[in-house]
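Both counts, for ligands and for their atoms, begin at 1 and track the order of listing.
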Amino acid sequence: MSAPVRVRFAPSPTGNLHVGGARTALFNWLFARHHGGVFVLRIEDTDLERSQAAYTQAILDGLKWLGLDWDEGPEVGGAHGPYFQTQREGLYRAAVERLLAEGKLYHCFCSGETLEAMRKDQAERKVAIKYDGRCRGLPREEVERRIAAGEKFVLRLRCPDGISVEWEDITKGKLTFTSDLLDDLVVVKSDGMPTYNFAVVIDDVGMQITHVIRGEDHISNTPKQILLYRALEAPVPRFAHIPMILGKDRARLSKRHGATSVIEYEKMGFDPEAFRNYLALLGWSPEDHTREILSREQLFAEFSLDRVSSHGAIFDLDKLTWMNAEYLKRFTPEVLLARLRPWLAKIPGFPGGYSDAQLAKMAGLYRERVKTYDEIVANAGWFFSAPQEYDAKGLEKAGKIAGARDLLGRLIGRFEAQAGFEEGPLEALVRGFAEAEGRKFGDVVHLCRLGLSGRTATPGLFEVMAVLGRDESLARLRRFLTVCPA
Ligand code: GLU
C-alpha cells in the first residue's frame, strides 16, 4: 500500500496571502481532500528581517476566509511540529551534524570577493558559472585552525561532478538538470542560519510530505533539494510544479494588473466560495471543462493533478465577477443574508427594526441585480434610513407629472385604506388607481419609488414596499408629499 498522501503549503510571512499563494494552498488542500490525505500548513519565517507575525495572521485569516482548513499546523498543532521554521532550529542543527559526520558537508571559507572573482573568470573562459569546489578538500587541521581564528564560513553539500538529476514532474513531465547547473549548494549560511533549500527539505522529510505542489518558479530549486534528499537517504516526494498566474497581457500577475492580495478581493465584496471556485479553475479544469460552477464537494471529488495545465493561467477580473454574480443568484435569500450580514452591518441604521425574514427578503431582492456584496452596501442604504434628499433628476421627472402632489396624496389615501401590505395586492391597487386616474402606471410607480427611496432605481417597487412595511412606507410617502412638486 502506498503511503497516505501528505501535502503542505509553506508560505513565508513576508506579506499578505496573494492570489498565487492562495491558489497553491487551494490545490494542495483539494489534492489532500481528494485522497483523504493530510494538509499541513508550515510557516517559513526564517527570513527574520522580512517576516512579521501580523503577516502570519493575515495568511491564516486569508486561508480561513477561503474556507481552507489544515490538519496540522499553527493553531491546530500535530505530530510533526513545530510548524514554524524558527522553532525548528534544533532539527536543522541535528541534520547538519549528521551530514557533517558523514562527510557530506564541508566548510567553505570563500569570501564574497573570491566568489565574484571566480564568476568573472568563469564568464571570461565561457565555462559554467558555479562554485568550483576549491574548499572541498581542505585538510581538517586547516579547517579547524580557520574556524578557531574566527574566519567566516558557510557549509556546502558535496555535489559530485558529472551527475544529473531527473524527476518526473506530475504537471511538467520529465525534467533533467545536469551538474553543470548544480554546484555545491550552501546549506548553512555564514550567520549560522539554514538556507531555504535545506530547511525545506529537512521539514518536508520530517513532516513526511509525499507530494510537493508549488509554483513553477521553484523548479530550479528542486534538483538541489533532490540532492539533499539523496544525501539524507530519504525518500524523494513527487513534485508538481503548477503554472504561474498571469495578467491579461500574459505577464506574471503583479500589482500592475490590479489587486493581488486575497484580502483585497474580500474587501471588494467577493464571496469566498465564488473566489475559491474561480481560483480552482486557474490552471485546473474538470473533465467536462464546460462546467464552471463547482461546489466544494465536487472539487474534492474531481480535483486531480493530471488535469493541471502546464501553461500559465490568466487571471480575469471580469470572469471572477461573472462567477461571483452566478453564486449570488444561486444562494437562497437566507444564505445570502448570512453572507451579507457583515456587509449590511456597515450600513448606518442597520438593522433598523427589520426581522430576519424581512432582511432575507431584502437580500433576495438584490440577488439578480448586483455582482458583489459591496454593490449591495452602495445601493441598499435607504432601506435603513429614510431619504433626506431626493434624486434631482427624479424630482425633475416628478415635476413633469401633472398635479403630482395631489395624485400622490390620493394614492396615499388608498394605501391607508388597504388592509394588508403584500406585493400582489399592492400592485393591483396601484394598477387600478393609475387606470381610474387616467395616468401612466410608470408615473405613479416613479412617484412612489422616489418617495420611498429618494432614488430613481430600486428593486421592484411592490416588493420593496412589502419589506419596508406599512408604517414605514406610509411615513416616507407622507414626508415626500411635503416636497413633491405640485
Ligand atoms: N516558503 C516558500 C515560498 O513561499 C515555499 C516554497 C515551497 O513550497 O517549497 O515560496
Side-chain angles (χ1 to χ4, degrees), residues 5-32 37-60 62-63 68 70 72-74 80 82-89 91-92 95 165 167 169-172 175 177 185 187 189 193-229 232 234 236-245 252-254 260-262 283 305 308:
V5 161
R6 291 180 57 87
V7 292
R8 72 348 181 240
F9 175 53
S12 303
T14 53
N16 287 321
L17 181 64
H18 56 85
V19 172
R23 198 267 318 248
T24 299
L26 176 61
F27 281 17
N28 276 283
W29 181 69
L30 293 176
F31 185 75
V38 172
F39 175 50
V40 178
L41 177 61
R42 177 173 78 227
I43 305 297
E44 304 210 325
D45 55 351
T46 45
D47 183 343
L48 300 177
E49 262 167 41
R50 293 171 59 227
S51 296
Q52 286 182 27
Y55 288 137
T56 299
Q57 194 54 50
I59 291 168
L60 303 191
L63 294 172
L68 271 56
W70 50 98
E72 291 179 23
H80 303 76
Y83 295 93
F84 287 83
Q85 285 190 325
T86 45
Q87 296 168 17
R88 297 177 63 82
E89 263 178 71
L91 295 162
Y92 307 135
V165 175
W167 76 96
D169 199 89
I170 301 176
T171 48
K172 298 275 170 190
L175 295 173
F177 283 73
L185 119 109
V187 301
K189 295 181 271 188
M193 292 297 278
T195 56
Y196 153 72
N197 278 312
F198 184 61
V200 160
V201 172
I202 299 306
D203 292 345
D204 285 342
V205 171
M207 294 179 182
Q208 297 173 11
I209 298 305
T210 57
H211 296 74
V212 171
I213 305 167
R214 61 184 171 197
E216 67 184 10
D217 50 336
H218 282 288
I219 286 182
S220 61
N221 287 319
T222 303
K224 301 176 190 168
Q225 295 179 7
I226 290 177
L227 289 175
L228 279 164
Y229 282 98
L232 292 161
V236 181
R238 297 290 314 273
F239 290 93
H241 287 94
I242 57 182
M244 292 290 102
I245 300 181
R252 200 170 153 178
L253 191 70
S254 71
T260 53
S261 296
V262 169
L305 289 173
V308 171

query = When rounded to the nearest 0.5 angstrom, what is the spacing between CH2 in Trp167 and NZ in Lys172?
reply = 11.0 Å
Closest approach of any protein heavy atom to atom 8 (O) of ligand 1, naming residue and atom = Arg8 NH1, 2.6 Å
query = Does ligand 1 have a heavy atom under 4.0 Å from the side chain of Phe9, from its backbone, from both, or from neither?
reply = neither
key: side chain to side chain donor-acceptor pair (under 3.5 Å) partner of Arg8, the single match among Asn28, Asp204, Asp203   = Asp204
message = With heavy-atom distances below 4.0 Å as the criterion, list the atoms of ligand 1 near Arg214.
response = 7 (C), 8 (O), 9 (O)
Check: Tyr229 and Pro237 side chains under 4.5 Å, non-hydrogen atoms = yes
query = Nearest 0.5 Å, what's the CD1-CD1 distance between Ile242 and Ile170?
reply = 11.5 Å
query = How about His218 and Tyr196: are their ring centroids closer than 6.0 Å?
reply = yes
query = With respect to atom 1 (N) of ligand 1, which of Glu44, His218, Gln225, Gln85 exhibits the smallest heavy-atom separation?
reply = Glu44
key: For atom 5 (C) of ligand 1, the protein heavy atom that lies nearest, with its residue and separation   = Ala10 O, 3.1 Å
inquiry  = Is there a polar contact, in the sense of an N or O pair closer than 3.5 Å, between Val200 and ligand 1?
reply    = no
